[in-house]
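Notes follow once the structure below has been shown.
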Amino acid sequence: MNAGGGERMLRGSMARRQYPFHLIEPKWQAFWEGQQTFRAFNPGETLPVAHPFAVRHQLGARPVTAKELPSKFYVLDMFPYPSGAGLHVGHPEGYTATDILARYRRAQGQHVLHPMGWDAFGLPAEQYAIRTGQHPRVTTEANISNFKRQIRSLGFSYDWSREVDTTDPEYFRWTQWIFLQLYQAWFNPETQRAEPISTLKYPASMEPGGSGAELDAAALEAQRREYRDARRLAYVSEAPVWWCEALGTVLANEEVIDGRSEVGGHPVVRRPMRQWMLRITAYADRLLRDLDTIQWSDSLKEMQRNWIGRSEGALVDFRVAPESGAAAGAAITVFTTRPDTLFGATYMVLAPEHGLVEALASGAQRAAVDAYRREIAKKSDLERTELAKEKTGVFTGAYALNPVNGARIPIWIADYVLASYGTGAIMAVPAHDTRDFEFATRFELPVLQVVEPPAGVDWKGYVDDGVAVNSAGPEVSLNGLPTPEAKRVITEWLAARGVGRGMVNFKLRDWLFSRQRYWGEPFPIVWRKDAAGVEWHEALPESDLPVLPPRLDDYKPTADGQPPLARAAAWVNREDGSRRELNTMPQWAGSCWYYLRYLDSTNAGRCVGREAEQYWMGTDGQAGATPGVDLYVGGTEHAVLHLLYARFWHKVLFDLGHVSTPEPFFKLVNQGLILGEDGQKMSKSRGNVVNPDDILVEYGADAFRLYEMFMGPLQDTKPWNTKGVEGVYRFLGRVWRLFVDEASETEFEQALTLTEPSAQEALLGRLRVGSSVQDVVADASQLRVLHACIRKVTEDLDGLRFNTAISAMMVFVNEAIGWEVKPASVLRTFLQLLAPLAPHVAEELWDRLHRHLGQVPPSLGYAPWPSFDPAFLVEDTVEIPVQVNGKLRDVIRVAAAAAAADIEAAAKAAPKAQAFLAGKTLKKVIIVPKKMVNLIVA
RNA sequence: GCGCGCGUGGCGGAAUGGCAGACGCGCCAGACUUAGGAUCUGGUUCCGAAAGGAGUGGAGGUUCAAGUCCUCUCGUGCGCACCA
């Protein structure tokens, strides 16, 4: 906190501080740190006897067992990338919400784990290093320390003893270790889970003494190695990847948006390179299914479902017609979700990149095909999608035979068919597929109806279910069958004939896991050459972990396009002749498992200890424990990538027995975006960025926290309005004045102006609680106001409705400020309600209130959460609206327990209602006790 | 194009099918004050002097009663986007 800045603000736009937050906030932050108030304890730890958690739960003096510990509550924030720009107002929105929950649950007696850390590998620090030669470690540490200062200034109750940093060798040692688990595992399709690679069964020909006995031992092992390496969960692929020249690295599919890099918006091109991949596709089905077992928003689940993109259909083999040149007789397999429309296929389309195109292009069409392919190859992906309005393609000159009826159909190539989805080839059914219809129209290809839509709907371009027509071949007929039935019949027929089979296809691709960067985790992998000169890879032993990156003077890729690690020849070339892997892992790696490291962040022997993992993930038999993280809060920008990758890793670790829950994050909430005051997305170029530091100097952390929550529902997108901060700031000022004696306040203010900032905190002692605060019994109306507030705040915090919880506290204060005598017990309870949201001012007033009463203040953070007594909320009489024909006409006050007949009589007697009853016949009376009465007249 | 949200005062927003607009901002009036951009009190959906009428994007519907449920429609935000 910058006291000088605060003084400047006082003389500037603000006339007067509502209360001395600038002294209170650092004071309590220092107190919490000194007391380690928010430490969470693992089973087996010995708690300090004086720690408020130990006191509350009567633990301490000896190691605590998991059974003795209260029920766990793991509330997690998405940890930030510590950028040089510092915190923006979006970060603390989620952090404030989780902090409120953490404090609330502690008060309720739960054992709260609320950690924070740093996702600190990443491109900006590396690019800065390239420009300046400054080691990314230096930049990263400076940024972390700035972020930490900012986060601490907001008074969040993190257990900093569990802080993690993905760039710390003691952290990424375990990131590398998890990679080795992936490397040493395969996905067994029979058990549908990952198993150690040692359980992999080899084909008979590769078994020693099998039909491959003619091979020598080395050749056999080479074969087995190739077979094995092709099945690992971490494997090497030569497939085309997205290369970004500007960033000097490849990117994952997910990091490429419209043909440009997600980071920086640089152009990317498709290029074949040797890359590490992770076999996430093996988990597609489980990643999809298990969404049903977790509490995420529907929209988020839907995004993940779309990304996984499951579709059921069939593979169908078409034969290339005999006269079609070099490829004659070859099979072209297509994937279709509509095998029932097979009789309507009037042409086929292959992706321009399809492997058979070369052999198919014949005669007169050869030149056209080559020209088209050259044209497509030149286009960036961006152009390909932009130009998608008009479909293009060329005829190959070849024909294929439809397996159902032998029909001879032309084979085209077109870029509307993607090489990377399905088989890269389709059968085109223009009558019942929009894209095929557009293409067929453009190139005047025949359109043949095979589905009869409901009456009145045009069959041309009809893509939904109907009844099959014109679908009879020599051996099979679908005519008259509804679409689902037709699909089933034809798929069975294709399978029986050996020309097709049912198939489930996914959009999800394997995860491209290597990057040509310096500032990331090195792979624990080396490369060797066998006797035949074939390169193969080998895992380093666990004892070699962590594999540290080498020191470099220059962080750029080498002149011949090698990653920067290649510059460290002494590091790359090992004494035994092997060479280290030059790639590093992507930034996602560290964030895939950080929530596990928090559970046991200093464990030197395991990524997470079993007992700690089972306690905090709720699988050790605690009654009602949530399986996994209880609440995970973060932005939607991670809806697919981080959350899908982390679920994938977690499932692998689960299969291999390292964690005990199938899903990591049980409940997840996305906080909404905070827009600038102009309603536009905050950005430097618009000049509408709000810096939390500025708000803190002027209004303090408590007002900032309160405002972030008061703006509206956590999940909603909402605009910032600094005037709104003033509103909650004034509220805190009223809370302050509820307690503090006016005369002492004035005296304090005057002393403040005469005292050096460094000595000001001592002046807080001059403030006294006002004489209207007395140790007296509260009256019924005061208790009603208090208990209504307890109920509302409790229910709203449970439902994450922070905005309405704050509103309820405002209602309480607006009432209480008018009381001539304020019962200390009522104010004390109110401070407990306020504490999770505005902890600093609550602590200060809590402390003063107890001293005022001559008591030693107990720990506010661990004081049991107040419960409300419905008895105090009961009112003798209630006000209920009187409607006539459904319209509000009057309001009557009746006894809460009034009989229906009495209510009816009172309603009829209500003066304003009577005016509408006069001369009418009463037809019906509807009475909802304590709610309303409706008189129906005609 | 497809999928998922969301449309309520001047603004942010609140309302288990039961008094629409809680709470806050802003605005208006008043009190205190040398002063107010501090604080306190009252008012503030629209039309109307009032009585009263209208009102939750629009049009229908269900219901004694609809911001809330149903159908259609318009607008808007987000996600995916030639995924066969």
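All chains are named by letter (A, B, ...) in the order of the sequence lines, taking the proteins before the strands, and each is independently numbered beginning at 1.
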_Using atom C1' in both nucleotides, what's the gap between B/rG13 and B/rC25 to the nearest angstrom?_
11 Å
_Phosphate contact (B/rG79 OP1 or OP2) by A/K301 side-chain N/O below 4.0 Å_ = no
_B/rU76 and B/rC28, which share atom name P, separated by this distance in whole Å_ = 34 Å
*Could you work out the separation of B/rG26 and B/rG37 based on their P atoms and round it to a whole Å?*
12 Å
*Short side-chain to backbone donor-acceptor contact, A/R705 and A/P836, under 3.5 Å*: yes
*With sugar-phosphate meaning primed atoms plus P, OP1 and OP2, does A/R310 contact a base, only sugar-phosphate, or nothing at under 4.0 Å between heavy atoms?*
nothing
So which protein N/O to nucleotides 49-51 of chain B N/O distances come out below 3.5 Å?
none

*OP1, OP2 of B/rA84 versus side-chain N and O of A/S311: anything below 4.0 Å?*
yes
*Hey, which sits more toward the 5' end of RNA chain B by its nearest nucleotide, A/T717 or A/K887?*
A/T717
*Name the nucleic acid region contacted by A/T636, choosing base, sugar-phosphate or nothing; use a 4.0 angstrom heavy-atom cut-off, strictly under.*
nothing
*asked:* Between B/rG52 and B/rU34, how many Å separate the two P atoms, rounded to a whole number?
replied: 46 Å
_Would you measure the distance from the C1' atom in B/rA22 across to the matching atom in B/rA38 and give it in whole Å?_
27 Å
*Over how many whole Å does the gap from A/R305 atom CZ to B/rC80 atom C1' extend?*
15 Å
*Would you say B/rG5 has OP1 or OP2 under 4.0 Å from some side-chain N or O of A/Q715?*
no
*Starting at atom OH of A/Y729, determine the distance to atom P of B/rG37, rounded to an integer number of angstrom.*
17 Å
*Plane angle bin for A/Y729 and A/Y19 - parallel if under 30°, tilted between 30 and 60°, otherwise perpendicular*: tilted
*Round to a whole Å and report the spacing from NZ of A/K718 to C1' of B/rG12.*
11 Å
*Which word best sums up how the rings of A/F704 and A/W720 line up, parallel for under 30°, tilted for 30 to 60°, or perpendicular for over 60°?*
tilted
*asked:* Please check this pair: side chain of A/E708 against backbone of A/E93, looking for a donor-acceptor N/O pair closer than 3.5 Å.
replied: yes
_Any donor-acceptor pair under 3.5 Å from A/H432 side chain to A/V451 backbone_ = yes
*Among B/rC80, B/rA38, B/rA14, find the nucleotide with the atom closest to the side chain of A/Q18.*
B/rA38
*Is the backbone of A/F343 close enough, under 3.5 Å, to the side chain of A/N402 for a donor and an acceptor to pair up by distance?*
no
_Could you check whether A/R647 makes a cation-pi contact with A/W296, meaning its NZ or CZ is under 6.0 Å from the centre of the six-membered ring and within 45° of the ring axis?_
yes
*Which part of the nucleic acid, if any, lies within reach of A/K923 when heavy atoms closer than 4.0 Å are counted: base, sugar-phosphate only, or nothing?*
nothing
*Which comes earlier along RNA chain B counting from the 5' end, the contact point of A/I817 or that of A/Y707, where each point is its nearest nucleotide?*
A/Y707
*Considering only the P atoms, how many Å lie between B/rA66 and B/rG57, rounded to the nearest integer?*
15 Å
_If the glycosidic angle sits within 90 degrees of zero it is syn, else anti. Tell me which applies to B/rG13._
anti
*Give the B/S/- string for nucleotides 18-24 of chain B, one per nucleotide from 5' to 3', where a protein heavy atom under 4.0 Å of the base yields B, of only the sugar-phosphate yields S, and otherwise -.*
BB--BBS
*For RNA chain B, produce a single dot-bracket line, 5' to 3'. Pairs: Watson-Crick or G-U wobble, both distances under 3.5 Å. Symbols: ( ) within strand, [ ] crossing, | other strand, . unpaired.*
(((((((..(((.....[....)))((((((.......))))))(((....)))..(((((..]....))))))))))))....
*How many Å lie between CD on A/E815 and P on B/rU41, as a whole number?*
11 Å
